[in-house]
Number of protein chains: 2
Amino acid sequence: METESKNFLAFTLDPKSGVPFYKQIILQIEMAIADGRLNCGDQLPTVRGLAVDLQINPNTVARAYSELEIRGILLSQQGSGTFISDKKIKLNEIERERILAELTRTFITKAASYGFTLNEIINYMGEFENETEKGDKENDTNDKK
Amino acid sequence: METESKNFLAFTLDPKSGVPFYKQIILQIEMAIADGRLNCGDQLPTVRGLAVDLQINPNTVARAYSELEIRGILLSQQGSGTFISDKKIKLNEIERERILAELTRTFITKAASYGFTLNEIINYMGEFENETEKGDKENDTNDKK
DNA sequence: ATTAATGTATCAATGTTCTAATACAATAAT
DNA sequence: ATTATTGTATTAGAACATTGATACATTAAT
């Protein structure tokens with residue numbers, strides 16, 4: 001059945017960005033998972049289908065899928081297609097922690113180069129937190145679905 | 001008095017890690033800033049001094065320094081040396097607060113784009129603080145003659 | 001002015017990443 | 001069984017990253 005569009009997620013590539021094609025694909029898949037456009041069990045565009053749509057080589061799509069499969073995000077089945085894995089949530093947490101560590105270290109370094117201490121930064125972010133709390137109040141940080 | 005070690009921060013390189021030398025240097029400088037072993041105005045090892053100590057080419061050290069200078073972390077002065085940027089001296093309290101706000105907002109925005117909530121970030125930075133506070137490390141950075 | 005210290009620039013050698021051409025293999029549909 | 005659809009593997013070449021040899025430029029000290 002070929003009812004759906006090949007690229008129903010509207011993936012796009014920016015050749016001028018300097019970011020490798022396969023990484024752009026990975027990022028957009030991650031985003032789609034993060035904002036709920038892709039859920040456990042969903043099928044992704046086929047390697048060839050997406051390759052045609054993006055006008056790149058199927059291998060480049062396959063590489064993006066392969067890397068996400070190694071991370072446990074996707075599951076590829078020859079003959080059937082590529083799907084969002086069910087166990088993605090746990091492995092995603094590890095990736096999330098790594099990314100947060102990286103972002104935080106970079107930020108602290110930069111702030112420290114301006115002479116701000118870690119305590120000072122944390123205190124300020126506490127104030128920041130209070131400011132934004134009067135706006136929206138639907139942050140459940142520590143539980144997962 | 002010229003007896004201070006060239007590599008008083010005890011930088012090391014791991015050739016087997018797969019991480020480029022210049023990136024290892026950057027990371028160790030960032031860490032030293034984050035945990036307070038390096039502060040505004042401090043001089044870093046000279047390009048040649050550190051290169052000799054690490055047994056690599058001066059260009060590799062220079063590249064690490066250069067990248068940190070582009071990011072505003074370091075300041076290199078030909079003939080004098082390389083120093084941790086000391087922007088805070090020129091700043092009054094208002095400017096200082098404005099910069100911290102700017103840095104913080106940028107960081108939070110970026111982290112939020114990865115799906116991290118403000119609470120999550122603050123919690124993580126709290127852990128970071130605890131880690132670096134137990135900082136009576138095994139460093140005898142002073143000369144021991 | 002000279003020298004010694006510092007960072008900077010240029011270029012080449014080597015290794016790695018990225019993408020594509022092409023062929024192969026497994027599964028589903030018929 | 002045959003065919004269409006799917007992912008997979010191999011290889012090659014271009015682009016980029018990494019490091020080092022070497023020479024240059026600026027500043028501080030004398």
Side-chain angles (χ1 to χ4, degrees), chain A residues 1-8 11 13-27 29 41-85, chain B residues 1-8 11 13-27 29 41-85:
Chain A
M1 57 196 284
E2 41 175 326
T3 63
E4 295 212 22
S5 159
K6 280 174 181 171
N7 184 5
F8 55 91
F11 289 152
L13 294 179
D14 177 5
K16 289 174 287 188
S17 71
V19 180
F21 289 160
Y22 82 97
K23 280 185 182 171
Q24 294 188 41
I25 295 172
I26 288 175
L27 192 63
I29 292 173
D42 285 353
Q43 179 169 10
L44 279 84
T46 67
V47 164
R48 277 175 183 72
L50 188 53
V52 168
D53 192 272
L54 297 179
Q55 298 180 288
I56 59 177
N57 192 280
N59 272 333
T60 305
V61 178
R63 173 165 182 185
Y65 285 5
S66 167
E67 198 152 308
L68 286 170
E69 185 172 18
I70 290 173
R71 289 198 225 162
I73 311 287
L74 300 184
L75 207 68
S76 288
Q77 295 177 10
Q78 215 164 248
S80 323
T82 302
F83 304 84
I84 304 290
S85 166
Chain B
M1 54 189 292
E2 45 88 17
T3 59
E4 182 143 355
S5 160
K6 281 174 181 170
N7 182 6
F8 56 90
F11 289 151
L13 294 180
D14 178 5
K16 290 175 286 187
S17 70
V19 181
F21 289 161
Y22 81 97
K23 280 185 183 169
Q24 295 187 40
I25 295 172
I26 288 175
L27 192 64
I29 293 174
D42 285 354
Q43 178 169 11
L44 280 82
T46 67
V47 164
R48 277 176 182 73
L50 187 54
V52 168
D53 192 272
L54 297 179
Q55 297 180 290
I56 58 177
N57 192 281
N59 272 334
T60 305
V61 178
R63 175 167 180 183
Y65 285 5
S66 166
E67 201 152 306
L68 286 169
E69 185 172 20
I70 290 173
R71 284 158 54 182
I73 310 293
L74 299 185
L75 205 68
S76 288
Q77 294 177 7
Q78 215 163 245
S80 322
T82 302
F83 304 84
I84 304 292
S85 174

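Protein chains get the first letters and strands the later ones, always in sequence-line order, with residue 1 at the start of each.
When rounded to the nearest whole Å, the span between CD of E69(B) and C1' of dG7(C) equals 9 Å. Atom CD1 of I70(A) is separated from atom P of dG7(D) by 16 Å (rounded to the nearest Å). As rounded to whole Å, 15 Å separates atom C1' of dA20(C) from atom CG of L54(A). When rounded to the nearest whole Å, the span between CZ of F21(B) and C1' of dG20(D) equals 11 Å. Between L13(B) atom CG and dT18(D) atom P the separation is 14 Å, expressed in whole Å. We find that CD1 of I26(A) is positioned 10 Å from P of dT19(C), with the value rounded to whole Å. For the pair L74(B) CG and dT6(C) C1', the computed distance is 15 Å after rounding to whole Å. In this structure, the CD atom of E67(A) is 17 Å from the P atom of dG7(D), given to the nearest Å.
Taken from CD1 in I25(B) to CZ in F11(B), the straight-line distance is 8.0 Å, to the nearest 0.5 Å. Note: I73(A) CD1 to I29(A) CD1 = 10.0 Å, rounded to the nearest 0.5 Å.
Counting only heavy atoms from C-beta outward, the side chains of I26(A) and R71(A) approach each other to under 4.5 Å. Using a 4.5 Å cut-off on side-chain heavy atoms (C-beta onward), D14(B) and V19(B) make no contact.
For the pair Y22(B) and dT18(D), the criterion of a side-chain N or O lying under 4.0 Å from OP1 or OP2 is met. Dashed line: the shortest gap from a side-chain N or O of T60(A) to OP1 or OP2 of dA20(C) is under 4.0 Å. Between T82(B) and the phosphate of dG7(C), there is a side-chain N or O to OP1/OP2 separation shorter than 4.0 Å. For R63(B) and dT18(D), the shortest distance from a side-chain N or O to OP1 or OP2 is below 4.0 Å. Residue K23(B) has no polar side-chain atom (N or O) positioned under 4.0 Å from OP1 or OP2 of dA17(D).
Legend: residues meeting side-chain contact (heavy atoms from CB on, under 4.5 Å) with S76(A), ordered by chain and number and at least two apart, are E69(A), T82(A). Under the side-chain contact (heavy atoms from CB on, under 4.5 Å) criterion, T60(B) pairs with F21(B), Y22(B), I56(B), N57(B), sequence neighbours left out.
A donor-acceptor pair is defined here as one N or O able to donate and one able to accept, closer than 3.5 Å; no such pair exists between the side chain of Q77(A) and the backbone of F83(A).
Take the nearest nucleotide of DNA chain C for A62(B) and for I56(A): the residue whose nucleotide is more 5' is A62(B).
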- Sugar-phosphate means primed atoms, P, OP1 and OP2; the rest is base. With that split, encode nucleotides 22-30 of chain D 5' to 3' as B, S or - using protein heavy atoms under 4.0 Å. B-BBBBS--
